[in-house]
Amino acid sequence: MPLIEVSRLTKVYQVPLRQPGFTGAALSLVRPSYKAVTAVDGIDFTIQAGEMVGYIGPNGAGKSTTIKLLCGVLAPTSGSVSVGGLDPHRRRMENARRIGLVYGQRSQLLWDLPVRETFYLLRRIYQVPESTYRENLADFGRTFEIDAVWDTPVRLLSLGQRMRAELAAALIHSPPIVYLDEPTIGLDVLAKSRIREFLRQMNRRRGTTVILTTHDLRDVEEVCDRIIMIHQGRLVYDGALEGLRGTFGERCTLTLELEEAAGGAVAPEVALDDDVRLIKADGKRVELAFDRRRISAPEVIARACAVLPVRDLVLRETDLESVVKQVYGGNGIENGNGNGEGRGGGEP
Amino acid sequence: MNVLTNFIPLPGPLRYLAYTRAAVARVLAYRVNFWMGAVGTVLGMTIQYYLWTAIYHGEDGALAGYGAVEALTYVILGQALQGFLHPEGDPLGRKVRDGSIAVDLARPADWQWVVFWDYLGGSLFRWLTTGVPAMVLFTVVGAVAAPPSLGAFLVFLVSAFLGFVLLFAWHFLFGLLSFWTKGGGLIDLKATAVSLFSGALVPLEFYPPGLRRMAMALPFRGIYYLPLSIYTGRLGAGEAAGALGWQAAWAVGLFLMARVLWRRATRSLVIHGG
Amino acid sequence: MRTFGSYVGLYLCYLRVNWLALMAYPTEFWGNNLGNVAGNLLGIAAVGIVFGHVRAIGGWSFDQVLFLYALAMVARSLWHLFMVNCLNLPYYVQRGTLDRLMVRPVNILFQVYADYLDNDDWGEAVIGLVVLGTLSVRLGLVGVGPEVGLARSLTNVLWLAVIALSGTAIFAAIHLAANTTSFWLVQAGAVSQLVWQVDGFSRYPLNVYSRPLRFVLSWLLPFGFINFYPAHLFFGPSGVPEGGGLLWVARLTPLVAAAAFGLAYRFWQAGLDHYQGAGS
């Protein structure tokens with residue numbers, strides 16, 4: 001039996017409509033009007049115990065809403081959620097004992113107090129048995145380096161130290177399931193890679209099921225064996241990372257500005273093999289996509305400059321939004337919150 | 001695009017009227033709060049009405065020289081003015097503590113004036129929309145007396161404005177303390193001093209002699225006691241003129257004192273980097 | 001299921017972290033309490049100033065009005081010291097802090113109350129208790145001598161404790177209900193602000209107000225049960241204007257308090273359901 005089962009899950013928010021004008025505002029006090037916004041729209045998936053799943057999608061795609069539904073914070077409008085055989089909303093307390101939750105942007109550590117005080121409190125909150133508590137602390141002392149910051153007030157920790165303490169705090173009651181919402185946001189490269197390493201270790205040693213939402217594709221690449229991608233509340237991809245590799249791998253876009261429009265005809269010569277793909281050749285503007293792991297940027301630039309009269313160039317990392325666009329041909333993506341920068345050159 | 005052509009040379013502090021307008025817009029943006037505040041003011045006035053009616057119940061004569069109607073007029077109008085004269089919270093202190101004051105200091109405007117016109121906008125708007133209609137209502141139903149003459153009413157308006165300047169200067173001075181103390185704990189103390197010595201709740205004539213002498217010597221009575229006494233007609237034309245002069249002297253004095261301290265405070269902010 | 005004992009242990013732990021957090025800023029603690037003491041003394045002084053000129057308000061003497069005032073102070077301060085964080089509910093809803101509380105295996109309202117304790121109302125508690133104690137002796141409700149009697153003294157002390165706790169529950173109920181509106185209203189805090197204004201009514205005997213107001217203050221926002229009605233237990237049939245007639249109402253106080261908090265809690269649950277999208 002799968003650990004998490006989500007079927008036809010839908011969440012519709014009633015967003016209060018603000019009416020213009022003074023009387024409108026006064027009227028909305030007496031008879032408020034609402035607009036229905038579908039945040040999650042008929043999603044199905046199942047997750048087995050011990051899986052590490054990356055839950056991705058652009059801003060406003062419905063990621064946080066799904067996590068809230070899984071945690072029991074929100075009740076579904078229709079469809080069902082089952083976590084370990086429980087409806088998380090109806091049996092909030094029981095479900096709460098089995099899950100750990102880490103918000104990258106919202107701390108649960110006691111800000112003005114030494115790190116240890118948070119753990120004393122969480123131990124009581126989750127009624128962690130003495131032996132488990134000691135074992136976990138000993139474990140975290142090594143893996144999360146909690147020992148070093150045990151007596152330091154949280155406000156004095158570096159962001160990386162704080163995130164590690166945050167993870168340890170979410171795991172102190174040994175939850176079999178951990179939800180992480182943007183756990184690496186704002187961290188530097190080194191701190192990010194350490195957090196990822198901790199997540200892998202935790203999964204390997206404890207068999208913890210991990211569900212991770214993120215903007216950073218490297219989080220997914222290095223931590224997860226499976227991704228679920230949603231867009232505008234709908235599930236658009238569910239499967240192994242490899243399945244997306246073809247388009248997903250093209251992580252860089254090179255936009256070239258040419259001296260003369262003739263270049264457009266020569267452009268295909270640059271994209272001769274699989275490593276570099278021509279996206280658009282439009283007058284004086286040429287767009288190429290390539291995978292950095294297979295060919296370096298200087299090499300692509302050199303190749304382009306050899307055959308094309310390049311006047312100027314822009315190099316961009318492909319972001320998540322444009323991955324979704326590439327995969328799904330840009331269908332119905334206009335209203336996303338992202339600014340569509342990944343599209344590159346812009347309209348003529 | 002010439003930046004200079006965008007600069008409209010308004011005379012003196014009138015340039016800051018934009019801040020007054022912004023303050024009004026802010027009050028309007030939080031409409032539920034506005035209405036609740038309005039209802040709250042009327043409730044406060046109602047409490048005073050019943051309380052003082054009960055105080056005078058069974059008392060034939062005057063108390064502390066006040067007849068029932070004069071006392072009711074004094075305390076109810078005092079309550080109506082509280083919404084007008086009280087800038088909410090401790091905005092200056094808060095800005096100093098969270099450091100956002102640096103942003104304001106970077107603007108090419110005199111900040112003391114900015115805060116002044118901003119407070120005035122909010123206060124004036126709330127008073128015109130709440131205090132004045134409520135006073136008219138209480139007057140029409142006969143709970144309070146109208147001012148003795150149109151002249152007295154106009155003098156009252158000037159006096160109330162000076163009271164506002166006094167209160168503003170006091171708040172501003174107190175807010176400046178945050179530059180040195182960094183703590184926000186003394187707000188209650190500040191408000192208490194105003195409530196006690198200004199005669200906001202009870203006319204100063206009711207006070208025991210010692211306390212009364214103290215209140216008379218301090219500048220706070222210019223905030224409530226003097227404007228209210230002009231409204232009830234307790235102060236005649238001559239006395240009212242004296243009161244205005246007294247208020248103006250204190251208002252200017254405190255305002256300038258705040259200015260000197262403000263200069264010193266901002267200098268220390270610049271030096272120590274907040 | 002959590003046992004009652006585990007909640008007590010958890011609460012003590014919350015008390016500890018809150019105390020430590022407040023003590024991280026000792027100047028604030030003393031500054032706030034100093035301001036609080038001054039504000040409360042001012043309130044008493046205002047009553048005193050008026051009674052410098054009259055002997056009774058609405059048939060209640062200075063000592064009796066002060067007794068009412070002190071009863072409300074004790075109840076208000078107990079609520080303020082231990083349950084004030086429900087005033088932050090609007091911010092918890094707006095900023096999503098509530099979500100964090102909802103993923104923990106603990107009653108949510110319990111967490112809201114315990115999450116932050118205010119430490120700046122000790123002045124009101126101490127002044128309230130001192131004034132209440134002094135007046136209980138002066139009004140002959142409590143005493144060691146033969147004129148009051150040990151049995152009567154003990155009964156009165158017991159009633160005072162019951163009434164103070166009932167008053168705390170009533171404050172809690174009113175403020176909980178007011179702040180629960182933030183589940184529906186975006187501009188939260190507005191209703192709560194209004195309730196503070198109404199609290200002003202509880203400073204004087206209810207019989208000075210008009211009938212409709214009195215009804216509201218008795219049965220809709222039951223501030224009257226914090227001090228006015230229960231005071232009739234002590235002053236006897238001839239002590240105050242409506243003396244004996246209200247004795248039975250006074251005895252209802254603990255029931256009214258329980259009912260008020262029960263209703264407020266139901267309302268809170270409805271608000272929570274609305275927030276989760278399970279209700280309405």
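For clarity, every value in this text was computed on a predicted model and none was experimentally measured.
- Within the 4.5 angstrom heavy-atom criterion, only side-chain atoms of B/V202, from C-beta onward, approach chain C.
- In this structure, B/F206 has its ring center closer than 6.0 angstrom to the ring center of B/W52.
- Heavy atoms of C/L213 lying under 4.5 Å from chain B belong exclusively to its side chain.
- When each of C/V50, C/N207, C/V195, C/V198 is checked for heavy-atom pairs under 4.5 Å with chain B, C/V50 comes out on top.
- Taking the ring centroids of B/W250 and B/F220, they lie at or beyond the 6.0 Å cut-off.
- Side-chain rings of C/W60 and C/F51 stay apart, their centers remaining 6.0 Å or farther from each other.
- Contact count against chain C (heavy-atom pairs under 4.5 Å) is highest for B/L51 among B/T46, B/L51, B/L43, B/T53.
- Taking the six-membered ring wherever Trp is involved, the centroid distance between the rings of C/Y204 and C/Y209 does not fall below 6.0 Å.
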